[in-house]
Amino acid sequence: MDLGNLGLFKLMSRKMDWLTQRQQVLSQNIANADTPDYKGMDLKPFTFRDALSDGRRLETTATNPMHLAGTRGPGGLNKEQRVRNPYETKPDGNNVVLEEQMMKVGQTGMDYQTITNLYKKQVNMIKSAIRSGG
């Protein structure tokens, strides 16, 4: 049984991937805290609503030339980074606030641990169901 094909496991894996990417971005911010003109980055927030809607988007087909084309809403791709515009900017143009970055690193680590625990519990429930015969 491939757990990667189950919806809940896909979402948890995507969230863990996002958290890993966020830790990398935050570590770059911390590493460049003293670099002149460096602008701190962060990932677009991960929401399960966006993650669910991304996987369920269907392409529409116009069966009549009078049909409207329609539009797509914003996607939930976590690779899109945005530059923060904080209230604190140093005279050298750097806007990284170390305390804020460290808080984000800690929160990201706790979120990763939470998702890991949920993943383990789901696997244990599936193993228990298989052992008991269903």
- Task: Spell out, yes or no, whether V96 and M102 are grouped together once hydrophobic residues are joined by side-chain heavy atoms under 4.5 Å, including indirect joins.
- Result: no
- Query: Minimum heavy-atom separation for A33 to N94, with atom names?
  - Reply: O-ND2, 2.9 Å
- Please name all residues satisfying side chain to side chain contact (heavy atoms under 4.5 Å, CB included) with D34, sequence neighbours left out, ordered by chain then number. K90
- What distance separates R22 CZ from K15 NZ, expressed to the nearest 0.5 Å? 8.5 Å
- Query: What residues join M110 in its hydrophobic cluster, counting side-chain heavy atom gaps under 4.5 Å, either direct or through other members?
  - Reply: none
- By side-chain hydrogen bond (donor to acceptor under 3.5 Å, both in side chains), Y38 pairs with (sequence neighbours left out) N29
- Indicate yes or no: at least one non-hydrogen side-chain atom of Y119 is less than 4.5 angstrom from one of N124. no
- Query: Can you list the residues that meet the side-chain hydrogen bond (donor to acceptor under 3.5 Å, both in side chains) rule with T47, with sequence neighbours excluded?
  - Reply: D50
- Query: Considering residues at least two apart in sequence or located in another chain, which fulfil the side chain to side chain contact (heavy atoms under 4.5 Å, CB included) criterion with S27?
  - Reply: none
- Mind checking what makes side chain to side chain contact (heavy atoms under 4.5 Å, CB included) contact with V105, not counting sequence neighbours? Q23, L26, I30
- Item | Residues which pass side-chain hydrogen bond (donor to acceptor under 3.5 Å, both in side chains) with Q107, listed by chain and number, not counting sequence neighbours | D111
- Query: Taking side chain as C-beta onward, heavy atoms only, is M12 less than 4.5 Å from T116?
  - Reply: no
- Query: M125, F9: one ILVMFWY side-chain cluster at the under-4.5 Å cut-off?
  - Reply: no
- Item | Partners meeting side chain to side chain contact (heavy atoms under 4.5 Å, CB included) with T20 (sequence neighbours left out) | Q24, Y112
- Task: Hydrophobic side-chain clustering at under 4.5 Å (ILVMFWY, transitive links): who's grouped with M103? Put none if nobody.
- Result: none
- Look at the side-chain heavy atoms of Ile, Leu, Val, Met, Phe, Trp and Tyr, link any pair under 4.5 Å apart, and say whether L98 and M41 land in one connected group. no
- Euclidean distance, T114 OG1 relative to M16 CE, rounded to 0.5 Å: 11.0 Å
- Task: Report the C-alpha separation of R14 and F46 in whole Å, then their side-chain angles, then the decisive distance to 0.1 Å, and conclude whether the side-chain contact (heavy atoms from CB on, under 4.5 Å) test is met.
- Result: CA-CA 9 Å; R14 286 184 64 190; F46 180 93; 4.1 Å; yes
- Pairs flagged by salt bridge (Lys or Arg N to Asp or Glu O under 4.0 Å) wherever residues 117-130 is involved - sequence neighbours left out: none
- Note on the structure: Correct closest heavy-atom pair for P45 and W18 would be CA-CZ2, 3.9 Å
- Task: With sequence neighbours excluded, tell me which residues meet side-chain hydrogen bond (donor to acceptor under 3.5 Å, both in side chains) with N117.
- Result: Q113
- Examine distances only and state if a side-chain atom of K39 and a backbone atom of G93 form a donor-acceptor pair shorter than 3.5 Å. yes
